[in-house]
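Lettering follows sequence order; numbering is per chain, from 1. Quantities reported herein were computed from a predicted structural model and do not represent experimental measurements.
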There are 2 protein chains.
Amino acid sequence: MNAKKRITIYDIAERLNVTASTVSRALSNAGYVNAATKELVLKTAAELNYKRNTLASNLRMGQTKTIGVVVPRINQNFFSNVIAGIEDITYQKGYNLIICQSDEQHQKEVKCVNTLINQHVDCIVISVSADSVSYQHLQNVIDQGIQLIQFDRVAEELETLKVINDNEQASYQAVCHLIEQGYKKIALLEGPQNLNIFRQRKTGYLRALEKYNIPITDAFIVENAWTKELGAEATRKLLSLPDLPDAIFASTSDFSALGVLETATAMGIKVPAELGICGYSNEAFTEITSPSITTIDQFSVFMGKTVANLFFQEMENNDTSVTPKSISIQPELIVRSSTRRKS
Amino acid sequence: MNAKKRITIYDIAERLNVTASTVSRALSNAGYVNAATKELVLKTAAELNYKRNTLASNLRMGQTKTIGVVVPRINQNFFSNVIAGIEDITYQKGYNLIICQSDEQHQKEVKCVNTLINQHVDCIVISVSADSVSYQHLQNVIDQGIQLIQFDRVAEELETLKVINDNEQASYQAVCHLIEQGYKKIALLEGPQNLNIFRQRKTGYLRALEKYNIPITDAFIVENAWTKELGAEATRKLLSLPDLPDAIFASTSDFSALGVLETATAMGIKVPAELGICGYSNEAFTEITSPSITTIDQFSVFMGKTVANLFFQEMENNDTSVTPKSISIQPELIVRSSTRRKS
DNA sequence: TATTTTTCTGCAATCGATTGCATATTGAAA
DNA sequence: TTTCAATATGCAATCGATTGCAGAAAAATA
């Protein structure tokens, strides 16, 4: 690599017979600088193609104007949308993003978080990985005086800023909708229960059943079915029970719901007539399957924007004033063909 | 914000009655350090919860072990997959990623690139935005001695490392396939011609027609139809021509192809019997539409890995030895129901 | 034991930008 | 003309980690 030496403020200073101080002041628009000098500096900087060394600047200033984001999977729709939302806001404020992927592995997550701390980011935004158990690394972030914002999948016991979906309510609504459509034996595909979001979705499911006085059937609750394949497998199992369910709520994801749909279709079971299907996330494809899949929209881009805005708000009133520590976004049930039996 | 002072090597040094030099050497495993001293340093560092200040380190060392990535849209499947691929490799090597989004706007792209230069990233990976015209900002990157790697959408005139898809060949194959299936009047939905990829795809289309001695019908070539909506609109236009096409190659994206499919279906035109449809990108949904859509897989994650590996290779043999400057990945035509007329 | 080599540690400079303090210049007010 | 404020610039320290050089201590060799 051609490691040419970069132009620094000293080069500019030398050329103009002033000191670096003056150049610095001219470039950063701070303090007193003669108008003519300033113009000269600016002109010379442009000529020499000067680029400020952010490292040096940040080191001196003690802040990096950088936000670190840790998500389980960058290329998962929900997360990439959240990131896009964050980026939208932070870009406007002149902040940078460093993005890390935990790959759903606790150990990698810890490593990512530590790297971000070392990088002196001003804030860490995280959605914890599925196999997280300990949260020492997050406590660490707080101890280092770095703003920590959790979103979606959060460690509830940690006192941090949080942006979450009201999963329980959304799930409750979805199941109520199924019941109102005449489904009576509703199965639940649930996700890893160490994640708050999946616990909440389960609670919503149970609450809806309770409201309508529908007994809970243990066999209808299937653990850990959050990929298309696992959804398909769960469906095969459910549909071979002596007492069949008449609806399946894939609370884990739309992919899981897709697995359900494909399996049911392959088995010659009619959706929604014989089996109702509801997913979670409002992935783009849910609209174009046949039948289209009822699901829950999480407003992911908006969620990202909310996270970023929360950070900037918190920055501004650093007077430890009491700001709401947890923002809850109301997801929306999107009813489509896969659950519509009544007009 | 609680800006607690962080522990530095000086704090450790003071506590142990040695100098920062020794602490530094102990922590970075470089130079001579007494084994006992080293152990003490390590122990104390852990106790005090010391985190190295990467800013200071990078400033001194002149390298950041960071790669900047600029893409048009973070949350577009192809790009988020490429990023995931890059991340996979760079993570293993202990490198960080800074991700920026140009939003398909040239001006924002320039700003992103400049920020990355300021951040002293070791490498910039970019796929240019749709409305790019000038490439001065990229020339800048090179001039600053930063490794530049272009992928997918590249400015061909710039002499940089490139990782591209063989778009022309893929497009050629797709159209040949259509012709072999008996389609004779094939329309093309093309993308912005200032992007190399769309020019290449058009060339492939023309080459295929030529091979089979099919005359070019200007009315069958529709400009700028790269969203679902634009694809739908183009389809309405095409299907109201006096002389109808019998196939549409949405060379821009699968979304465009989806627009075609939906419009055709709504108009009561049978796919693939009356109209063949081929998309581009192998988005997840192409598999689950009915009929499923023939498309081209770009191996996006692999592409990301290739980009990252290329960077590290280039790093290692910095002796300006001649490495291939351009890697071409062969995309794969995935034939599905939307174009299958013959068994 | 004397000499050379190896190991250990400290000193001080460095990376590039920023900033408090001091000094110098200019201009305005008394 | 004197006095004070405002403006302009320089000096030098600072942010935290790294490293070449030098001297001291320990170990190895003659």
Side-chain angles (χ1 to χ4, degrees), chain A residues 3-42 44-45 48-66 115 117-122 144-145, chain B residues 3-42 44-45 48-66 115 117-122 144-145:
Chain A
K4 290 168 202 161
K5 232 188 101 246
R6 302 252 192 114
I7 302 291
T8 71
I9 51 171
Y10 295 96
D11 299 318
I12 301 178
E14 197 176 3
R15 166 94 65 125
L16 299 179
N17 264 324
V18 292
T19 47
S21 320
T22 306
V23 176
S24 172
R25 280 187 274 254
L27 291 172
S28 57
N29 230 33
Y32 291 117
V33 194
N34 183 290
T37 315
K38 186 174 185 169
E39 204 178 333
L40 250 174
V41 169
L42 259 36
T44 316
L48 298 180
N49 203 8
Y50 164 81
K51 305 275 172 189
R52 167 195 263 118
N53 185 328
T54 322
L55 289 178
S57 176
N58 287 343
L59 174 60
R60 178 61 222 256
M61 310 272 276
Q63 61 150 0
T64 52
K65 294 193 127 207
T66 297
T115 312
I117 294 177
N118 292 350
Q119 295 270 345
H120 271 234
V121 295
D122 296 343
Q144 299 282 339
Chain B
K4 290 167 201 161
K5 232 188 99 247
R6 302 252 193 116
I7 301 292
T8 71
I9 51 171
Y10 295 96
D11 299 318
I12 300 178
E14 196 176 4
R15 165 96 64 126
L16 298 178
N17 263 324
V18 292
T19 47
S21 320
T22 306
V23 176
S24 171
R25 279 188 275 255
L27 290 173
S28 56
N29 230 31
Y32 290 116
V33 194
N34 184 290
T37 315
K38 185 172 185 171
E39 203 177 335
L40 250 174
V41 169
L42 259 38
T44 317
L48 298 180
N49 202 7
Y50 165 79
K51 305 274 173 190
R52 166 195 265 119
N53 185 328
T54 321
L55 289 179
S57 176
N58 287 343
L59 174 59
R60 178 60 222 255
M61 310 272 276
Q63 61 148 1
T64 51
K65 293 193 128 207
T66 298
T115 312
I117 294 177
N118 292 352
Q119 294 271 346
H120 271 234
V121 295
D122 295 343
Q144 299 282 341

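- Straight-line distance from the CD1 atom of A:Ile12 to the P atom of C:dG16: 13 Å, rounded to whole Å.
- One interatomic measurement links the two molecules: CG of A:Asn34 to C1' of D:dA8, which rounds to 7 Å at whole-angstrom precision.
- Across all non-hydrogen atoms, the minimal contact from A:Tyr50 to A:Ile7 is CD1-O, 3.3 Å.
- With DNA chain C read from its 5' end, the first of the two nearest nucleotides for B:Gly31 and A:Met61 is the one closest to B:Gly31.
- As a whole-Å value, the separation of A:Ile7 CD1 from C:dA17 P is 10 Å.
- Using a 4.0 Å heavy-atom cutoff across all strands shown, A:Thr8 reaches sugar-phosphate atoms only and no base atom.
- Here the nucleotide nearest the side chain of A:Leu59, chosen from D:dA17, C:dT9, D:dG16, is D:dG16.
- Set against D:dT19, C:dG10, C:dA17, the side chain of A:Arg52 has C:dA17 as its closest nucleotide.
- Look at CD on B:Gln119: it is 16 Å from P on C:dG16, rounded to the nearest Å.
- Side-chain N/O atoms of A:Tyr32 and base N/O atoms of D:dA6 include no donor-acceptor pair closer than 3.5 Å.
- Residue B:Thr37 is in sugar-phosphate contact alone, with no base atom involved, counting any heavy-atom pair closer than 4.0 Å across all strands shown.
- Heavy atoms of B:Ser21 sit under 4.0 angstrom from at least one base atom.
- Between A:Thr22 and D:dG10 there is a side-chain polar atom (N or O) within less than 4.0 angstrom of OP1 or OP2.
- Here C:dT19 presents its C1' atom at 11 Å from CD1 of A:Ile9, a figure rounded to the nearest Å.
- Comparing B:Ala30 and B:Leu55, the nucleotide of DNA chain D nearest to each residue sits closer to the 5' end for B:Leu55.
- Here the P atom of nucleotide D:dT19 and the CG atom of B:Leu27 are 13 Å apart, to the nearest Å.
- Contact record, B:Gly31 with B:Arg25: CA-CD, 4.4 Å, taken as the closest heavy-atom pair.
- Between the NE2 atom of B:His120 and the C1' atom of C:dA17 there is a distance of 11 Å, rounded to whole Å.
- Side-chain contact between A:Asn49 and B:Gln144 is present, with at least one heavy-atom pair separated by less than 4.5 Å.
- Side-chain atoms of B:Asn29 and B:Lys38 include a donor-acceptor pair closer than 3.5 Å.
- A close approach under 4.0 Å does not occur between any side-chain nitrogen or oxygen of A:Ser57 and OP1 or OP2 of C:dA17.
- The nearest pair of heavy atoms linking B:Arg6 to B:Asp11 is O-OD2, 3.7 Å.
- Of the listed nucleotides (D:dT19, D:dA8, D:dA17), D:dA17 has the atom at the smallest distance from the side chain of B:Tyr50.
- Contacts of A:Ser24 with the nucleic acid, taken as non-hydrogen atoms under 4.0 Å apart, include base atoms.
- Within 4.0 Å (heavy atoms only), A:Asn17 reaches sugar-phosphate atoms of the nucleic acid but no base atom.
- Remark: C1' of C:dC8 and NZ of B:Lys38 are 13 Å apart, rounded to the nearest angstrom.
- At a threshold of 4.0 angstrom between heavy atoms, the contacts of A:Arg25 include nucleobase atoms, whether or not backbone atoms are also involved.
- Counting only heavy atoms from C-beta outward, the side chains of A:Val23 and A:Arg15 never approach each other to under 4.5 Å.
- Nucleic acid contact class of B:Val18 (heavy atoms, under 4.0 Å, all strands): sugar-phosphate only.
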